[in-house]
Amino acid sequence: MSQRIVEAYVGEYASGKSEVAVNRALALAGAGRQVNLVDLDIVEPCYTLRPIKKELEATGVTVLAWETRDTVGLGEAGNIIKPECRWALYREGDVILDIGYGVEGAKTLNLLEGVENTPELQVFAVINAKRPMTSTLDEIVAYIKELGPVDGLINNTHLGDETTPDIVQEGARLVSQASKLLGIPVVATTADRTVAEQMGPQDCMGHPIRPLVRYMPRTFW
């Protein structure tokens, strides 16, 4: 895993894309890699990485995100792209991009300099099959087609604290069906660490399970 990793995480509202992106960055850093985590979510500014920025940086991850003190004069939300984020693809080390939700949010990726000249870039769509916009096979397929180029799918089906292994497995089956119709591979199933431990190393479709530590409930500001 020595090759540079550049991944962008997109998804519908409450898909868990930010949680997946944060945990991916931490996992890479834990493996001794140099990691840049970039907050590009300018669609939903009430949930940003700024409240946990210092906590994440203490693990060795470089976090490119606003701090509340930096947004004075930008409006209460401060929902404009931070200048250094535009040049994130030119930074040394791995780059994990947390993109805003929805089709409009996915367009934020186009604001980055060098996006067309970064061959390592992979776009992963995070899917929660328990959300209204992505709860059926037809909805998932239609949604992914609207996002633009997508390199992989991640099943992150959950119901918050009420999530069970059966709920996650239901999503795994649905996302696998969408994968076949779209011709896009399933990268992994992600789940809260407690649920993931009950499921084992693979979901019912044979895809690897990535345990998640939940950070985002603490990021509402």
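Please read these numbers as outputs of a predicted model, since none were measured by experiment.
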ask   = Which pairs with one or both residues in residues 149-159 pass salt bridge (Lys or Arg N to Asp or Glu O under 4.0 Å), sequence neighbours excluded?
value =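 The answer is none; no pair qualifies.
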ask   = Which pairs count as salt bridge (Lys or Arg N to Asp or Glu O under 4.0 Å) when at least one residue sits in residues 204-215, sequence neighbours excluded?
value =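 Every salt bridge (Lys or Arg N to Asp or Glu O under 4.0 Å) pair that includes a residue of residues 204-215, provided the two are not neighbours, is D161-R214.
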ask   = Under the salt bridge (charged side-chain N to carboxylate O under 4.0 Å, His left out) test, which residues partner D138, sequence neighbours left out?
value =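 Once residues adjacent in sequence are excluded, D138 has no partner under the salt bridge (charged side-chain N to carboxylate O under 4.0 Å, His left out) criterion.
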Calculate, to the nearest 0.5 Å, the distance between atoms [atom1] and [atom2] belonging to [X] and [Y] respectively.
X    : Y    : atom1 : atom2 : answer
I96  : Y9   : CD1   : OH    : 5.0 Å
T134 : L174 : OG1   : CG    : 8.5 Å
L181 : I144 : CG    : CD1   : 12.0 Å

message = Per the side chain to side chain donor-acceptor pair (under 3.5 Å) rule, what does the pair list look like for residues 114-126, sequence neighbours excluded?
response =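 As it turns out, there is no side chain to side chain donor-acceptor pair (under 3.5 Å) pair with a partner in residues 114-126 once direct neighbours are skipped.
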key: Qualifying side chain to side chain donor-acceptor pair (under 3.5 Å) pairs, either residue in residues 172-196, two or more places apart   =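 Sorted result for residues 172-196: N155-T189, N156-T190, T189-D203.
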In the structure I gave you, are the side-chain heavy atoms of [X] and [Y] within less than 4.5 Å of one another anywhere?
X    : Y   : answer
V22  : L56 : yes
L28  : I5  : yes
Y215 : N23 : yes
L37  : L49 : yes

Please enumerate all residues that pass side-chain hydrogen bond (donor to acceptor under 3.5 Å, both in side chains) together with [X], with sequence neighbours excluded.
X    : answer
S135 : E139
E55  : R218
N128 : H158

Solution key, residues 165-172 side-chain donor-acceptor pairs under 3.5 Å, sequence neighbours excluded:
from: Q169; atom 1: OE1; to: C204; atom 2: N; distance (Å): 2.9
from: E170; atom 1: OE1; to: K130; atom 2: NZ; distance (Å): 3.3
from: E170; atom 1: OE2; to: K130; atom 2: NZ; distance (Å): 3.3

Show me, pair by pair, the donor-acceptor contacts under 3.5 angstrom made by side chains of residues 85-93, not counting sequence neighbours?
from: R86; atom 1: NE; to: L111; atom 2: O; distance (Å): 3.1
from: R86; atom 1: NH2; to: E113; atom 2: OE2; distance (Å): 2.6
from: R91; atom 1: NE; to: N36; atom 2: OD1; distance (Å): 3.0

inquiry  = Check this for me: does any side-chain nitrogen of one of D94 and R4 sit under 4.0 Å from a carboxylate oxygen of the other?
reply    =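 A salt bridge is absent here (no side-chain N lies under 4.0 Å from a carboxylate O).
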